[in-house]
Number of protein chains: 2
Amino acid sequence: MSKNIFHILAVDDDDRIRDLVKQYLEENNFIVTTAQNAKDAKEKLEIIKFDIIILDIMMPGESGLMLTKEVKKNMNVPIILLTAKGETRNRVEGLEFGADDYLAKPFEPKELLLRIKNILNKVQKPILPEEIHIGSSVINLKKLNIKRKNETKKINPQEKKILEKMLKYPGKVFSRNDIGKIINIAKERTIDVVITRLRQKIEYDPKNPKYLQTIRGEGYVLWIE
Amino acid sequence: MSKNIFHILAVDDDDRIRDLVKQYLEENNFIVTTAQNAKDAKEKLEIIKFDIIILDIMMPGESGLMLTKEVKKNMNVPIILLTAKGETRNRVEGLEFGADDYLAKPFEPKELLLRIKNILNKVQKPILPEEIHIGSSVINLKKLNIKRKNETKKINPQEKKILEKMLKYPGKVFSRNDIGKIINIAKERTIDVVITRLRQKIEYDPKNPKYLQTIRGEGYVLWIE
DNA sequence: AATTTTTTTATGGAACCCATACCTTTTGAT
DNA sequence: ATCAAAAGGTATGGGTTCCATAAAAAAATT
C-alpha cells in the first residue's frame, strides 16, 4: 500500500472536543486539521484532500447535516458523525446522506480511532455498487457478468481485477505496467489482448471504444460517465 | 406474544466481558446465565432452555465454532457470535454453521441489545418460508421435496443442509471448504458431485445453471430472486 | 435384503492464461 | 505528401488448471 499517512479533518464547534480529537489522533500518527464550523470546513476541503472527516452533527444551524450531504455529493470523503448521546443507529440522521459511521458523545478516543481504522480498511476497496452501468452494458462484479441487451457475458478473474481497479478510478490512465501489476503479467502485447477482450464485453462497438479507451503512449482509461 | 422473559446464555472466557454482558442485559430485564467455556456451556444447555446464546468465537481451542455447530445441529437456539474486530460479514466463520448474527469486539452493550431484540423478533417467524420459489421450482424444506411442473424430487439430508445455509445467504459465495463444513466432507470432487445433483433438482437446464452457479476458483453461489 | 444416500474415481471438456505472429493505425522525420 | 518506425489490435494456439458428471463402490437407512 502506497499511502500510509492519513489526513483527517475534525469539525466541531466545541473547542475541548476539537482539541481532544486532534491531540489523540496526532499521537496516533494522523495529520489532523480542525475546523470550527461548516463554512470553515468547506474552505479547507477545497484546498486539502482529506481521508476522513469527523463531524459533529450538532453544530449551530443544520450545518452538520448539510455538510454531510454536500461532501457525499461532491467528493465522497468518508465521514464519521459525532452525535448526541441518546442516538441509536436507527435514529442518526445523516447516515441517510451517506455518512459512514457515527459515534455517540461522550466517546472514548480509542473508540474513535477504531472506527477510523475500520473505515480506512474499507477505503482500500471503495465499495462499488452491485451493478455498474456503462453505456448500454451493465456490469455486475458479484455475479461476474456483463449484460448487453439479451446477451450475458462472463467476467473472468483477470477481468474482474482490472474492472475493480479501473472502476474505482474512472478517468485515471492506467499504464500497461499498472495493469500488469494488477493481473501479474509482464508482456505488453498480452495486456493488449486482455484489454481487447474486455472491450468485446463492454463496448457496443469494440473497434471504436467509447468507454475503455487507449491513450497512445500511456495506457488505457475507463470512462463511466 | 406469550413469553416475555428471555433467558440468555453468555459464553466467554474473558471475565470482564462476561460480567459486562450479564450486568447490562440484566438491567434490561433478561435472565442471564454465564459459562466460561464450551464444556461449561454445553452442560448448562442440557439443563436450561435458552432463548439466545451469546458466544465468543475466539475462545481457546476451536471450541466456539464447534459449539455453534453442535447447537445448530441439535437444538437450533439462536446464536450471536462475538468476533475479532476485523471480521466482516463475509469473513465470519460460523455463520455457515448457522449462527444468526455476529458482533465485532469491542462492541457497545447497546448494540448487543439491539441485535438480541432483532433476533427475538425474527424468532417468531421462521427465517425461511415453508416454500421457496426458485425459477420454476418450488423448494419445500419441510416436506423435503422440490417440485417442477409435475415432477417431484426428494431432498436428501445433505441437500437439505446445504439448501438451508445457502438460502439464508443468497448471493454469498460458499467455498468448497464452507460447504464441506456444512456436510462434513473434505474431498473437493465429492462436493462437486453433491452440487451437480442439487442442480438436477433445482435447475431447469442443469448444464447451464441459472441459480446454483459455479464461481470458478472460489466456490458456488445460490441466487434466488 | 432392498433401497437410498454418500463417496470415490476416472475421464472429458471448459475456462483460463499467456505468448506470439501478423496486421492496422498513428506518428514524425524527411 | 511520403514513408519508415513505433505503437497498438487481435486471431490463434497450446499449456494448464479447474470443474462436471457418469459410473460404480461403499455406507447408511428402511
Side-chain angles (χ1 to χ4, degrees), chain A residues 141 143-146 151-164 166 173-222, chain B residues 73 141 143-146 151-164 173-222:
Chain A
L141 283 179
K143 292 192 177 178
L144 295 178
N145 63 30
I146 300 179
E151 275 191 316
T152 301
K153 294 177 176 170
K154 284 190 195 164
I155 296 172
N156 68 34
Q158 269 183 339
E159 291 162 345
K160 184 190 175 195
K161 284 184 202 164
I162 293 174
L163 281 174
E164 275 178 340
M166 296 189 83
V173 178
F174 289 80
S175 69
R176 287 197 177 68
N177 203 341
D178 292 337
I179 297 173
K181 277 181 197 158
I182 297 171
I183 55 175
N184 226 38
I185 287 182
K187 300 255 170 179
E188 302 213 329
R189 233 89 312 282
T190 303
I191 289 162
D192 295 354
V193 175
V194 173
I195 294 292
T196 297
R197 278 201 292 257
L198 245 181
R199 280 193 182 129
Q200 309 284 352
K201 300 184 182 178
I202 293 176
E203 298 283 349
Y204 168 70
D205 176 7
K207 302 257 180 187
N208 290 53
K210 210 170 155 190
Y211 305 102
L212 183 47
Q213 293 193 328
T214 304
I215 308 295
R216 181 170 238 263
E218 308 210 15
Y220 299 94
V221 200
L222 180 63
Chain B
K73 190 171 176 186
L141 282 179
K143 292 187 179 173
L144 293 178
N145 63 31
I146 300 179
E151 277 189 315
T152 301
K153 293 176 176 169
K154 282 192 204 163
I155 296 172
N156 65 37
Q158 268 185 338
E159 290 163 345
K160 184 193 175 194
K161 285 183 200 166
I162 294 174
L163 281 174
E164 274 179 340
V173 178
F174 288 78
S175 69
R176 287 198 177 71
N177 202 345
D178 292 337
I179 296 173
K181 279 181 195 160
I182 296 170
I183 56 176
N184 226 42
I185 288 183
K187 296 237 174 181
E188 301 212 329
R189 239 73 332 272
T190 303
I191 289 161
D192 294 355
V193 174
V194 173
I195 294 292
T196 297
R197 281 202 284 257
L198 243 181
R199 279 191 183 131
Q200 310 286 350
K201 300 184 182 179
I202 294 176
E203 298 281 350
Y204 168 72
D205 176 6
K207 301 254 179 189
N208 291 53
K210 210 169 155 189
Y211 305 102
L212 183 46
Q213 292 193 328
T214 303
I215 307 295
R216 186 177 232 258
E218 308 216 9
Y220 299 94
V221 200
L222 180 64

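For the numbers below, each heavy atom of this structure counts, side chains included, while hydrogens, waters and symmetry mates do not. Protein chains get the first letters and strands the later ones, always in sequence-line order, with residue 1 at the start of each.
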Within a strict 4.5 Å, meaning less than it, do heavy atoms of the A:Thr214 and A:Arg199 side chains meet? yes
NZ of B:Lys160 versus C1' of C:dT5: gap in Å, rounded? 16 Å
DNA chain C nearest-nucleotide lookup for A:Asn156 and B:Gln158: closer to the 5′ end is B:Gln158
Taking the nucleotide of DNA chain C with the closest heavy atom to each, which residue, A:Asn184 or A:Lys154, is nearer the 5' end? A:Lys154
Should B:Thr196 be listed as having a side-chain N or O under 4.0 Å from OP1 or OP2 of D:dT21? yes
Using OP1 and OP2 only, check whether a side-chain N or O of B:Arg176 sits under 4.0 Å from D:dC18. no
Contacting residues from residues 214-221 of chain A, given that a heavy atom lies under 4.0 angstrom of DNA chain C: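 Result for residues 214-221 of chain A: A:Arg216, sorted by number.
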Axis-to-axis angle across the helix from C:dA1-D:dT30 to C:dT30-D:dA1, five pairs each end, nearest 10 degrees, ~ 30°
Under 4.0 Å, counting only non-hydrogen atoms across every strand here, what does A:Ile195 touch: a base, just sugar-phosphate, or nothing? nothing
How is B:Arg199 classified with respect to the nucleic acid when contacts are heavy atoms under 4.0 Å: base, sugar-phosphate, or nothing?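 Since only primed, P, OP1 and OP2 atoms lie under 4.0 Å of B:Arg199, the category is sugar-phosphate.
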Below 3.5 Å between N/O atoms, which protein atoms pair up with nucleotides 9-11 of chain C? Just atom names and distances, please.
from: C:dT9; atom 1: OP2; to: B:Lys187; atom 2: NZ; distance (Å): 3.2

Mind checking the CG-CD1 spacing from B:Asn156 to B:Ile183? Nearest 0.5 Å is all I need.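 Spacing of CG (B:Asn156) from CD1 (B:Ile183) equals 9.0 Å.
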